[in-house]
Amino acid sequence: MIAQSIFKQAKIAIEDAAQILLVVDSREGVAPLDEELAHLLRRTGKPLALVVNKVDSPRQEDRLGEFHRLGIDPVFFVSAEHNHNIAEMLEAIFSRPNFQQGSGQAAPEGSTVPGSGGIFGRVPSEEIRVAIVGHPNVGKSTLLNTLCGKERSIVTPIAGTTRDSVDAIVEREGTRFRIIDTAGIRRKGKTRMVAEKLSVVLARKHLEQCDVALLLIDAVEGITALDATIAGYAHEAGKSIALVVNKWDLVKKVPESTKQFEEKVRQRAKYLEYAPVIFISALTGQRVTTLLKLVRRMMTERGRRIPTAELNRFVNSIDFSRATVPVSRRARILYATQISSAPPTFLVFTNRRARFHFSFERFLINRFREEFGYLGTPIRIKQRMKKQ
Ligand code: GDP
C-alpha cells in the first residue's frame, strides 16, 4: 500500500503535470513502492519517463536492467549530485511536443506570476531588515530619527547580534521594518578621514545583514566617489538597494531636476541600473512614507519565485538574435529553473560546453528583468553545461 502522504502528493502533482518523471534510487533496486507508483502513473495516460538517480559508478551498471521492469519509457540513468546526464535528460524531456503546450502548473504558494498577481505579488509577513548606508553627514541619523520618531511609529530598541549594535523596529501598515544597528548609524568619526573610513566599514557590515539597503546620496553635493564605492559593495552583496537622494529640500528645483540628477547618479553607478532612485528630505519627512512603501515593494520583488513552466515558456520565447554575442560564443538554452530567491538566482542549462559570454549573460538578465521586474535586486544566473 502506498503511504497515504506520498499518494496524496503524487495525485496533486499528476493532475497538474504535462509530463511525469518517476524518480527512483538506483542503489535501492526496484522497491515495492516504485512498482505501485509506476502502475498508478501508467493509468494516467500522461507522457512518462523514468529517472534512475544516484548512478555514480560503472559498477552499478549491471543492476540497472531491472528498472525496465517498471514498464516506463524512456529511462534516464542520472546522478543529480554529480550532474551526470542531467542536461541530456532535460533536453529530451523538454523537446517533447507536449511541453511546448505548457504544463498548467500552478504557482507555488507565496509566489506570483507576473501579469496575474500585480506588481506586489506576495506580501511579506516577516520583518524587513533595512540598512541605512552612506558617507558622513549625508543624513543617516536624521533619516533614522524621522523614521523612528516623528511618524508615530512603534519603536522598540532590540539588542542586536553584537553588544554595541541596537536595532530599531518601525511598524507601518502591518509591515515590520528592522533598521539595523542604530548605534552604528549614529556613530561619528572624530576626524573626516576616520569618519569616512568608519562609514565604509559600517556600510559593509550593514549590507551583509540586511535585505534592503538605502544608499543615501547628498542632493547638494551630488554623487561622490565614496558613494560609488559603497554602491559597489551593495551590488556585490546581492542585496536590494535604493538610491536615496537626501536633502532634496535644499535644491533649487528647475524643470527636470530629478531627471538630470538621476542621470548623473546612474552614470556613476552603472551596475545598479536595477536600483530605484528616490528624492527625499529626511529633515522635513518629504517622501519618507513613500520610501517605506518602496522598501516593502522591493522586498516583495526580491522574494518572487517564477514557476518553472512559466519560466521555460518565457525562455523559449526570447529572441536570441537580438543578443550582440559572437556566433561562436552563443549557447542554446535547454532549460531554466529558479534555484533561489533573495536575490533571485536562476540555473540555466545550455547545450554547449562554453561559458556564457558576459554580454550574453547581460542580455539574458535584461530580458528576465523586462519580463519579471525584480525592482531593486540583482539577478544572478548560473550556468550548467551539458557534459560532452
Ligand atoms: P550622518 O552623518 O549621515 O548621520 O548625517 P546627519 O543625520 O548627522 O546629518 C548631517 C547634517 O545634515 C545635519 O546637520 C542634518 O540636520 C542635516 N540634514 C540631514 N538630512 C537633511 C535634509 O533632508 N535636509 C536638510 N536641509 N538637512 C539635512
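In each ligand, atom 1 is the first atom listed, and ligand 1 is the first ligand listed.
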Looking only at protein heavy atoms, identify the closest one to [atom] and say how far it is in Å.
atom	answer
atom 1 (P) of ligand 1	Lys188 NZ, 3.3 Å
atom 5 (O) of ligand 1	Gly139 N, 3.0 Å
atom 20 (N) of ligand 1	Asn246 ND2, 3.2 Å
atom 12 (O) of ligand 1	Lys247 NZ, 3.4 Å

Side chains of [X] and [Y]: donor-acceptor distance under 3.5 Å anywhere?
X	Y	answer
Arg186	Asn145	yes
Gln338	Thr345	no
Asp56	Ser79	yes
Ser141	Lys188	yes

Going by the atom numbers of ligand 1, which of them fall below 4.0 Å from some non-hydrogen atom of [X]?
X	value
Ser281	22 (C), 23 (O), 24 (N)
Lys140	1 (P), 2 (O), 3 (O), 4 (O), 5 (O), 7 (O)
Asp249	22 (C), 23 (O), 24 (N), 25 (C), 26 (N)

Specify whether [X] and [Y] have parallel, tilted or perpendicular ring planes, treating 30° as the upper limit for parallel and 60° as the lower limit for perpendicular.
X	Y	result
Tyr271	His235	tilted
Phe349	Tyr335	tilted
Tyr374	Phe346	perpendicular

request  = Using a 4.0 Å heavy-atom threshold (strictly under), name the region of Val138 that reaches ligand 1: side chain, backbone, both or neither.
outcome  =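 Both parts.
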
So for Asn137 against ligand 1, with non-hydrogen atoms under 4.0 Å, the contacting part is both

Check: Asp211 side chain, Arg129 main-chain N or O, donor-acceptor pair, under 3.5 Å: yes

Looking only at atom types and distance, does a side-chain atom of Asp167 sit under 3.5 Å from a main-chain N or O of Arg178, one as donor and one as acceptor?
no

Nearest heavy-atom approach of Asn137 to Lys247 is O-NZ, 2.7 Å

Please say whether [X] places an N or O atom under 3.5 Å from an N or O atom belonging to ligand 1.
X	answer
Leu250	no
Ala282	yes
Trp248	no
Leu283	yes

Given Val288, Asp218, Val133, Thr142, which one has a non-hydrogen atom that is nearest to atom 15 (C) of ligand 1?
->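 That would be Thr142.
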
### Message
Any protein heavy-atom neighbour for atom 22 (C) of ligand 1 (distance below 4.0 angstrom)?
### Response
yes

